Structures are given as C-alpha cells and as structure tokens.
**Student:** 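Before anything else, here's the structure in question.
Predicted model only: the values in this text are computed from it and were never measured. When a ligand or atom number is given, it counts from 1 through the structure's own listing order.
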Amino acid sequence: MGFLLQTFPERAAVWAQVFAEAGEPLYCGADQVIDPADIRYLACWTPPADLGIYPNLELVISVGAGVDQMPTMPEGVRLCRTLSPGIDEMVRDWVVMATLMLYRDMPTYLSQATSGHWKAHDVPLARNGRVGIMGMGRIGRLVAKTLGGLGFNVAGFSRSGTAVEGVRIFGVDALEPFLHESDVLICLLPLTDETRGLLNAELFSKMPKGAHLVHAGRGAQLDMADLRSALDSGRLGSAMLDVTNPEPLPEDHWAWTDPRVIVSPHVAASTDHREGAEHALAVLRSSRAGAALPGLVDTTVGY
Ligand code: GLV
C-alpha cells in the first residue's frame, strides 16, 4: 500500500517527518519507487503525464486547495483536495485585507502617494458597506464571519444555497439581485466549466456603480479586458487580484501599473507543510477504514 509524494524538497522533508512519526511509510519522489505497482496513493500538485504507470493507483491528493490543475482521473481513481485550517485562515486574511483596502480607497491613496499628493476623500463606514461573497464553502464562510464581525452587510452566492448564519444567501437563480447589492464583490469560486470567464462585462454591469472586485478564485474566471473597460467606464472603482488571467501576469501587462488595480502573485495562501501532511494521513486512514474521505472531490461538479 505505497504512498508517493511528488513535491519540492522543503515540503518533502516535513512530510517525511510527519509520516515517520505516524509510522507510515512514504516514498518522497518517483525515483525512490522500485515497483510502481506498489503505489496506491499519490500526493502532488500536478501528477505525471501518464498516471497509468501506477497500475494500482486508488487515490490522488492535490497538495493545495484547488484541483483544476489536475487531469481527468483514470477510471476508479478518486481525487481529494487538501483541507487545512491554515489555507482557510490565510485566504481569509488576504481577502479581508483586500476588502478593507478597496473599501477604504487605498488604491487612490497609494496613487496619490507617488506624487506626494495629500488629499482626503469621503471616509465610508463598514456598516454601510455591502459585501457579496461568491463561493460559500469553508473559506467563504470564514470570510463572511470575519467581515460580518467588522460590521459589513454580508451576502453569499452559492450553488447549494445552504443557509449560513448572519449571511443573506443567494442561490444560482439569484445572481442578478446578489450582484446589485455587492459594493465589494469577492470571488472565491473554484474553477469549473460554469465559472470559467464568469467575471466579465455582463456581470460587472449588474454591480453598483463604482463597486470593487476582490479576486482570490482562479485567474481563468476573470476577463481582464472587460475588467479594464469596467474600470474605465467607472462601473468598477478598483480591483485587487491575487489571481490573474493569464498567470503569471506578463511583465508589461497593463494591470501592473494601473492605479486602480493591485496585483499579488497568487500568494493568498500556501499550504502549511505539516497541515498538508496531516490531512494526507487523515485521507489515508479514512480510506483504509472505508470511511468518507476528507476533501473528496465530486468530479461531477469539479470541486
Ligand atoms: C492555491 O491556489 C491552492 O489551490 O492551494
């Protein structure tokens, strides 16, 4: 029942330690594997091009929260994403920072700072602000709780429409009213066929004039040309992007230097090595016990 981890040396060293402490063998790197038929579990960000080299593979674990980088799994191979409190907290922190920065006009003040220009603008109250969160999974709920605690009026948009305390939930049929009330729109959606290209001119046109976009979902959800037009027309006031389209963002891309846009290079979260290894152990044990797998991906919906 071999478990193979394919990753960079710093992460491999921590996983090796966590697995050793748990008394579980771990192959760190394909070069350690003598018999590929022994491999039942594979943890990686992207797998080898041909997963068929491991004929007895049962399960692949993405070492990150997302799985859109993964190919279609071979018949009978299950896919899990990493669930880790650290990922949730890191993304929450980035999103809360971005929401406050945009809501409190920091792009304008950063731009004024480049010419030493001292000029105050209206100061908005958080409790007068309406925040709309697209994607109400673990991270969305944590963001909602934190921003709600700061006084923002929080709404959530989710496919399932599951109720969340203190949050007005809008289901898939209610995207338009949800957007009408989003002074700050936060995208935390996974990349699927339904969400690819979703953040486009049509969607921006439904938002309040001068609204802000906080994007920590996936770059391919955003039409960057439409974003620029929405900023130029005043439909959107500003945007903070941790994910871009394309990614990495080319050196000469307009978004780097546009004063209305702040870009960070996909750093909202990075899986803590120990938490990732502990999650993998939990998956391994659940699998052996025939129990529900934490982070199991429903391949019919793509997350
Ligand atoms: C990062 O984006 C991840 O999926 O962990």
**Student:** Taking Asp88 for the side chain and Arg138 for the main chain, is one N or O donor matched with an acceptor at less than 3.5 Å?
**Tutor:** no

**Student:** Between Phe170 and Phe157, does the ring centre distance come in under 6.0 Å?
**Tutor:** no

**Student:** Give the protein residues with at least one non-hydrogen atom closer than 4.0 Å to an atom of ligand 1, ordered by chain and number.
**Tutor:** Trp45, Gly64, Ala65, Gly66, Arg218, His266

**Student:** Could you walk me through whether Lys145 and Glu165 pass side chain to side chain contact (heavy atoms under 4.5 Å, CB included), step by step?
**Tutor:** CA-CA 9 Å; Lys145 192 169 164 207; Glu165 201 191 323; over 6 Å; no

**Student:** Does the side chain to side chain contact (heavy atoms under 4.5 Å, CB included) test come out yes or no for Tyr27 and Tyr41, once each step is laid out?
**Tutor:** CA-CA 10 Å; Tyr27 295 104; Tyr41 299 89; over 6 Å; no

**Student:** Do Glu247 and His266 meet the criterion of a side-chain donor-acceptor pair at a distance under 3.5 Å?
**Tutor:** yes

**Student:** Salt bridge (charged side-chain N to carboxylate O under 4.0 Å, His left out) with Arg81: which residues, sequence neighbours excluded?
**Tutor:** none

